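Worksheet: one structure, shown below.
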There are 2 protein chains.
Amino acid sequence: MDVKSLCLGALSLKDASGYEIKKMFEEGPFSHFYDAGYGSIYPALNKLLADGFVTCTEIEQEGRPAKKVYSLTETGLSSLKEDLNKLPVLDKTRSESITMLFFGHLLSPKHREEILESYIDYFRNGCECIEGVDPTGQPAGRLFVRGLGLAVYEAAANYMEENKDLLLSIDEENDETEKQNNLLVETGDAA
Amino acid sequence: MDVKSLCLGALSLKDASGYEIKKMFEEGPFSHFYDAGYGSIYPALNKLLADGFVTCTEIEQEGRPAKKVYSLTETGLSSLKEDLNKLPVLDKTRSESITMLFFGHLLSPKHREEILESYIDYFRNGCECIEGVDPTGQPAGRLFVRGLGLAVYEAAANYMEENKDLLLSIDEENDETEKQNNLLVETGDAA
DNA sequence: ATAACCATGTAAATGGTTACATGATTAG
DNA sequence: CTAATCATGTAACCATTTACATGGTTAT
């Protein structure tokens, strides 16, 4: 599963241009479990076009640049189904916020709280973003994923709010160490 | 934040060899929010050694290959703290399981259930894996992250178990479409 | 005016995975 | 006897990100 398959997936929902596919990835429910930039979408679409998995119609617009709208072909749909019927690769999550909180004892209290608060905001925004999309009439798969995203984001935000003090308590525990650490950061001149 | 910073982080907990760092990533609470293979860890350690961020002691062992145990230097610790005091990059999650369930209507009912069940197992195993590590005496940061992982995994597993029927109900809704889709998969000969 | 949005693309750089290479020991 | 564990490393490959390049329109 790469950006090519992802584009095929997006096009299975509706015909779209590269620009619109990007929007689908970052605005729709898509954004919460996969992402892709222009630098990967445009080459992917050109590759799919060359392979006959999509067709392309150039559409002139008044007062806007022309856009290339892509449609799935029958071979494109078959290819997508083949991808979809493989066994999924295990999830890969890369969270710098969690990594930083994990090493909370090396952080200044101020920065630790800053990270915590913006991470809570991140999940609350995620919830709002999902809730903002009207689920009426959506197929079961998308409803399921929507609910899963909501459940996970809410659980994360709630846990963090309820356990803030666990992280903030480091201050009292390690007060002396903290001071030394901060001194080191101020003094140290690493590359 | 790359594998180099991650190695510095691991070494801030205790001195270790590349092999041991890998184990920390895949067994400890680490595994749930970041991962790295030998192909990135060994080059990272050599780079860190060349930069003076770590020192290396070769330790001969009876009946085992010699191992290189790395320790953080003062500049290494400063560098780690610098990394840690930046603003974290937003989480990046890549879930093929969710992508596949999202396109549930294009999946055979059997495969859809298979993905769902093994995804639930994945989260349940994640919980067991986290619970399997004794939290006694761990610093606040690690306790916090431990609890967060547990909360998120439990929420995901519970949601999926409670809403299984949402996905399995696609069969009745789209019975005719399904048959056509399956026919297409069997007939189609995409590259 | 200035930023944001619409719209497409390429090239270089980054960073990581996979496969390969080696080899002894121990547990099932 | 076979698989797993311990232990290190390189080279090729791959995918994606970032920076660059261009340019009109619309909203603030």
Side-chain angles (χ1 to χ4, degrees), chain A residues 1-8 10-11 15-27 30-31 33-51 54 56-70 83 89-96 99, chain B residues 1-8 10-11 15-27 30-31 33-51 54 56-70 83 89-96 99:
Chain A
M1 271 235 159
D2 52 13
V3 178
K4 286 205 297 290
S5 311
L6 217 51
C7 287
L8 291 178
L11 294 175
D15 293 354
S17 64
Y19 190 83
E20 287 161 351
I21 290 175
K22 173 84 194 306
K23 291 278 107 110
M24 290 169 74
F25 289 158
E26 66 192 21
E27 281 170 11
F30 255 143
S31 68
F33 49 85
Y34 230 110
D35 65 329
Y38 295 124
S40 51
I41 292 173
Y42 286 123
L45 286 170
N46 284 324
K47 183 79 193 348
L48 290 171
L49 187 63
D51 290 345
V54 298
C56 174
T57 317
E58 205 147 341
I59 296 186
E60 306 291 335
Q61 299 175 113
E62 305 159 34
R64 318 221 135 268
K67 65 176 172 179
K68 294 181 173 181
V69 174
Y70 295 89
D83 284 346
V89 170
L90 293 184
D91 287 7
K92 244 160 228 177
T93 298
R94 182 149 291 197
S95 173
E96 287 200 4
T99 306
Chain B
M1 272 234 160
D2 52 13
V3 177
K4 285 203 299 290
S5 311
L6 217 50
C7 287
L8 290 179
L11 293 175
D15 292 355
S17 65
Y19 191 82
E20 287 161 351
I21 290 175
K22 174 83 194 305
K23 291 279 108 113
M24 289 168 74
F25 289 159
E26 66 193 18
E27 280 169 11
F30 256 144
S31 67
F33 49 86
Y34 229 109
D35 66 329
Y38 294 122
S40 52
I41 292 173
Y42 286 122
L45 286 170
N46 285 323
K47 184 81 195 340
L48 291 171
L49 187 63
D51 290 345
V54 299
C56 174
T57 317
E58 204 146 341
I59 296 186
E60 305 291 335
Q61 299 176 111
E62 306 159 33
R64 316 221 136 270
K67 66 174 172 179
K68 295 181 171 178
V69 174
Y70 295 89
D83 284 345
V89 169
L90 293 184
D91 287 7
K92 246 160 224 176
T93 298
R94 181 149 292 195
S95 175
E96 287 200 2
T99 307

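What you see is a predicted model; the values in this text were computed from it and never measured. Lettering follows sequence order; numbering is per chain, from 1.
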Practice task
Between A/Glu62 and A/Asp2, name the one whose nearest nucleotide on DNA chain D is closer to the 5' end.
Solution key: A/Asp2

Who passes side chain to side chain donor-acceptor pair (under 3.5 Å) against [X], sequence neighbours left out?
X	value
B/Ser95	A/Asp91, B/Tyr119
B/Lys68	none
A/Ser5	A/Asp2, A/Asp83

[X] [atom1] to [N] [atom2]: how many Å, rounded?
X	N	atom1	atom2	answer
A/Phe25	D/dT17	CZ	P	11 Å
A/Leu48	D/dA15	CG	P	13 Å
A/Glu26	D/dT17	CD	P	12 Å
B/Ile59	D/dT8	CD1	P	10 Å
A/Arg94	C/dT14	CZ	P	17 Å
A/Met24	C/dA7	CE	C1'	17 Å
A/Lys47	D/dC14	NZ	P	11 Å
B/Lys4	C/dT14	NZ	P	10 Å

Exercise for the section: Please determine if a side-chain N or O atom of A/Ser17 lies less than 4.0 Å away from the OP1 or OP2 oxygen of C/dT8. Expected result: yes

Would you tabulate the nitrogen or oxygen pairs shorter than 3.5 Å linking the protein to nucleotides 9-12 of chain D?
unit_1	atom_1	unit_2	atom_2	d
D/dG9	OP1	B/Lys68	NZ	2.1

Tell me, do [X] and [Y] make a side-chain contact under 4.5 Å, heavy atoms counted?
X	Y	answer
B/Tyr70	B/Cys56	yes
B/Leu45	B/Leu11	yes
B/Ile21	B/Leu6	no
B/Thr99	A/Phe33	yes
A/Thr57	A/Asp15	no

Problem - Estimated bend of the helix from C/dA1-D/dT28 to C/dG28-D/dC1 (axis per five terminal pairs, rounded to 10 degrees) - result: 60°

Handout entry: Sequence neighbours excluded, every pair satisfying side-chain hydrogen bond (donor to acceptor under 3.5 Å, both in side chains) that has a member inside residues 33-50 of chain A
Key = A/Lys47-A/Asp51

Practice task
Return yes if some donor-acceptor pair links the side-chain N/O of A/Glu96 with the main-chain N/O of B/Val89 below 3.5 Å, else return no.
Solution key: yes

Practice task
Check side-chain contact (heavy atoms from CB on, under 4.5 Å) between A/Glu20 and all other residues, then give those that pass, not counting sequence neighbours.
Solution key: A/Ala16, A/Ser17, A/Lys67

Fill in the blank from the handout: Comparing B/Gly63 with A/Val69, nearest DNA chain C nucleotide closer to 5' gives the residue A/Val69

Check: protein-nucleotides 4-6 of chain C nitrogen or oxygen pairs below 3.5 Å:
unit_1	atom_1	unit_2	atom_2	d
C/dC6	OP2	A/Tyr19	OH	2.9
C/dC6	O4'	A/Arg64	NH1	3.2

